[in-house]
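Working notes, structure below.
These numbers were taken from a predicted model, which means no experiment stands behind them. In listed order, ligands and their atoms are each counted from 1. In this chain, numbering begins with 1 at the start of the sequence shown.
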Amino acid sequence: MKTLNGIAASPGVAIGKVFLVDSEEVSISKRPIKESAIPKEITRLQDALTKTRAEILSIRDRISQEMGKEHGDIFNAHLMVLEDRAMIEEVMGRIKKEKLATEYIFSQVLKKYVQSFLKIDDEYLRERVSDINDVGRRMIRNLVGEKRVSLDNLKEKVILVAYDLSPSDTAVMHRKNVIGFATDIGGRTSHTAIMAKSLEIPAVVGLESATHQIHNGDIAIVDGIQGVVIINPTPTEINKYKQEQLRFSEFNKGLKKFKDLPCVTTDGKRIELAANIEIPEETASVLSHGADGIGLYRSEFLYMNRPGLPNEEEQYQAYKKVVMEMAPKPVIVRTFDLGGDKFLSHLEMPHEMNPFLGWRAIRFCLATPEIFKVQLRAILRASAHGKIRIMYPMISGVSELRAANKLLEQAKEELKARKISYDAKIEVGAMIEIPSAALTSDILAPEVNFFSIGTNDLIQYAIAVDRINERIAYLYEPTHPAVLRLLKMIVDTGHQHKIWVGICGEMSGDPILTPVLLGLGLDEISTSPVMIPEIKKIIRSLSFEEAKKITEYVLTLKTGVEVVNFLKLKYQQIVRSTQTKK
Ligand code: PEP
Ligand code: MG
């Protein structure tokens with residue numbers, strides 16, 4: 001038995017057999033290339049060799065520093081594989097001769113090398129096979145980019161263990177026999193983690209070396225509450241976790257009674273408690289958890305896992321389905337936010353060094369107005385069937401907001417010309433998730449009907465902490481005084497301009513933080529459907545006056561840790577008081 005510690009990404013406990021995603025799951029097609037493309041393929045090979053070499057050097061240096069030189073030296077063997085001239089010459093020669101894509105030829109040559117090593121009667125050399133495979137995996141990853149996982153052939157329920165999983169891989173898991181997953185990299189607010197939570201799949205991310213320590217067919221426990229993965233647990237441990245599964249489901253059942261109760265404080269302040277969704281199928285869960293509406297529909301998932309772009313009719317049908325199922329409750333459709341960690345399988349979006357600071361969300365939309373307007377028309381058309389609001393992601397200043405609104409007006413005119421009805425008074429909001437938007441919220445407010453604070457991004461940009469990097473996850477602090485001050489500023493400014501302000505980042509689903517969000521005066525809280533009953537329970541057991549005092553106090557604290565410690569104590573008091581009231 002072995003225990004690995006990572007980052008709790010999606011609550012719940014899964015116990016099952018491991019399906020390890022290794023290089024076999026990367027799709028390496030036997031893609032023919034033209035004669036004229038050979039130089040490009042050779043350059044791809046060289047670039048991948050350089051990149052892989054740099055990655056290995058950096059791991060070697062880190063391991064040497066952290067664990068001693070003798071451990072780091074293991075990676076010299078990896079470097080030697082990369083520097084094997086005979087192998088590289090063979091790959092180049094075969095690319096020219098067979099005119100097939102580099103990754104295919106590379107994997108074939110590598111397989112041949114592995115076979116020949118396996119035949120050698122020398123234990124040391126045979127052990128080099130795992131080095132070769134490791135280097136091969138890195139090379140292929142650098143050649144084909146994002147790893148695609150094929151989950152189609154899973155015959156039994158499994159726990160997926162992978163280096164990384166894309167949000168689009170995660171989006172189809174619930175239909176593919178995956179009961180939990182564990183990854184080497186990633187952070188709590190990565191879209192992979194968010195997706196897992198939405199689909200109620202227990203997950204632990206940021207385990208660093210899970211793929212090296214876990215083998216195919218092992219039994220594993222994924223504890224998405226504590227952020228722990230246990231490999232080949234003892235029967236006692238399995239029993240303990242079965243109890244934990246039971247406790248978790250009882251806890252959730254106990255919260256069901258809050259479903260139909262209003263989200264109101266003990267002194268009568270009403271908060272709109274809404275849900276975040278990624279795919280239309282989630283509306284059933286939104287309703288069964290008692291949400292007041294949908295505060296964030298991440299519409300970009302409609303664009304993923306498919307060969308082309310969704311057309312206007314298809315999008316209209318999807319939004320219409322959601323809005324009709326939710327009616328008369330409101331639905332906020334966030335216009336598509338691609339880029340960052342979400343990509344289209346078919347659109348060749350350029351590879352960027354800093355995708356979260358790059359061609360993402362509204363920037364992509366404003367640069368491709370014809371694609372954007374298809375979505376705007378589809379949302380407008382769906383607005384004829386219920387209460388829809390539109391909101392734009394990643395607004396950095398008023399010019400982008402105006403440009404987006406101009407396209408929205410054009411989309412309305414186009415529908416008018418086609419004599420198609422829509423809600424002429426449709427409300428428009430801006431996500432406030434970039435510090436520049438927070439700092440200019442007084443300029444933005446007069447141009448919109450509402451703000452919705454996207455703290456997942458706001459935190460990463462305000463503290464300069466990549467939201468998906470597990471190594472700096474300890475710095476990703478929703479309670480950092482800078483974050484709390486920004487939140488206060490946005491809410492106060494919104495209210496001065498008479499618009500309502502909501503929050504839809506992941507911190508909205510952390511019950512420990514609920515008193516602060518309440519005390520800041522937020523009008524709406526939108527979170528994962530599964531978290532709604534618990535958040536409602538906290539709100540219903542607090543008065544707005546008390547919450548304001550808590551918030552005032554935490555705003556005087558100097559570190560995020562001090563804030564967390566104080567809020568944990570408060571949380572325990574609240575839970576105890578609800579228990580004694582029972
Ligand atoms: C956010 O940034 O907080 C947000 C809700 O949007 P996303 O997580 O999709 O970037
Ligand atoms: Mg965001």
Side-chain angles (χ1 to χ4, degrees), residues 9-10 166-168 170-171 186-199 205 274-279 282 291 293-304 331-344 354-365 389-396 400 404 429-438 450-469 476-480 483-484 486-487 490-491 501-510 513 517 522 524-529 531 535:
S10 171
S166 68
S168 51
T170 317
R188 185 171 287 130
T189 62
S190 68
H191 286 97
T192 299
I194 290 170
M195 196 70 220
K197 221 180 198 182
S198 288
L199 300 173
V205 300
N276 293 350
I277 66 164
E278 284 71 39
I279 47 178
E282 282 181 78
I294 290 175
L296 166 66
Y297 173 9
R298 290 185 166 95
S299 65
E300 57 274 12
F301 280 85
L302 207 61
Y303 292 65
M304 291 151 74
V331 175
I332 301 181
V333 182
R334 193 256 305 266
T335 58
F336 70 85
D337 178 358
L338 290 162
D341 61 350
K342 285 167 295 193
F343 299 97
L344 298 180
N354 290 305
F356 273 112
L357 297 180
W359 205 42
R360 183 188 162 192
I362 199 72
R363 301 165 180 187
F364 178 91
C365 291
R389 300 180 174 125
I390 295 185
M391 84 179 164
Y392 307 123
M394 291 278 290
I395 292 290
S396 65
E400 279 169 335
M431 283 194 78
I432 306 294
E433 49 183 349
I434 300 183
S436 60
F450 65 92
F451 284 156
S452 182
I453 310 176
T455 49
N456 300 337
D457 282 313
L458 186 64
I459 296 169
Q460 76 164 343
Y461 299 136
I463 327 183
V465 180
D466 181 347
R467 66 193 260 190
I468 58 174
N469 185 337
Y476 190 92
E477 287 185 304
T479 51
H480 191 296
V483 175
L484 297 180
L486 281 170
L487 294 184
I490 302 164
V491 178
V501 184
I503 184 168
C504 60
E506 287 304 285
M507 72 185 277
S508 60
D510 184 343
L513 306 179
L517 303 186
L522 280 154
E524 180 231 35
I525 294 180
S526 190
T527 189
S528 282
M531 296 312 300
I535 302 298

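- Ring geometry, Phe364 versus Phe336: the interplanar angle exceeds 60°, so the pair is classed perpendicular (tilted spans 30 to 60°).
- Side-chain N or O atoms of Glu282 include one that pairs as donor or acceptor with a backbone N or O of Ile279 at under 3.5 Å.
- At the shortest separation from atom 6 (O) of ligand 1 among protein heavy atoms lies Arg334 NH1, 3.2 Å.
- The Asp457 neighbourhood of ligand 1 comprises atoms 1 (C), 2 (O), 3 (O), 10 (O), with distances under 4.0 Å to a heavy atom of that residue.
- Within the coordination shell of the Mg ion (ligand 2), defined by N, O or S atoms under 2.8 Å, Asp457 is present.
- Counting the atoms of ligand 1 from 1 in the order shown, those under 4.0 Å from a heavy atom of Arg298 are 4 (C), 5 (C), 6 (O), 7 (P), 8 (O), 9 (O).
- Under a 3.5 Å cut-off, the side chain of Arg360 and the backbone N or O of Pro355 do not form any donor-acceptor pair.
- Here the rule is side-chain contact (heavy atoms from CB on, under 4.5 Å) with Ile459, and of Met507, Glu433, Glu506 only Met507 fits it.
- Between the Ser528 side chain and the Met531 main chain, no donor and acceptor come within less than 3.5 Å of each other.
- Counting atoms of ligand 1 from 1 in the listed order, those under 4.0 Å from a heavy atom of Cys504 are 5 (C).
- Those atoms of ligand 1 with a heavy atom of His191 less than 4.0 angstrom away are 7 (P), 8 (O), 9 (O), 10 (O).
- Side chains of Leu522 and Ile453 form a contact here, defined as non-hydrogen atoms less than 4.5 Å apart.
- Of all atoms in ligand 1, numbered sequentially from 1 with element shown, those under 4.0 Å from a heavy atom of Gly454 are 1 (C), 2 (O), 3 (O).
- In this structure, of Asn456, Ile503, Thr189, the residue bringing a heavy atom nearest to atom 1 (C) of ligand 1 is Asn456.
- Only side-chain heavy atoms of Lys342 come within less than 4.0 Å of ligand 1; its backbone N, CA, C and O stay farther off.
- A donor-acceptor pair is defined here as one N or O able to donate and one able to accept, closer than 3.5 Å; no such pair exists between the side chain of Thr527 and the backbone of Ala275.
- Within the listing of ligand 1, atoms 5 (C) sit less than 4.0 angstrom from a heavy atom of Leu296.
- A distance of 6.0 Å separates OH of Tyr461 from CD1 of Ile434, quoted to the nearest 0.5 Å.
- When distances from the Mg ion (ligand 2) to the N, O or S atoms of Glu433 are compared, OE1 comes out shortest.
- In this structure, the side chain of Asn276 engages the main chain of Cys504 through a donor-acceptor pair within 3.5 Å.
- At a heavy-atom cutoff of 4.0 Å, ligand 1 is contacted by the side chain of Arg360 but not by its backbone.
- Each of the atoms 4 (C), 5 (C), 6 (O) of ligand 1 lies under 4.0 Å from some heavy atom of Met431.
- Contacts with ligand 1 closer than 4.0 Å are made by side-chain heavy atoms of Arg467 only, the backbone lying farther away.
- Taking distance alone, with nitrogen or oxygen atoms compared against 3.5 Å, Glu300 stays at or beyond that limit from ligand 1.
- Between Ile468 and His191, the closest side-chain pair of non-hydrogen atoms is not below 4.5 Å.
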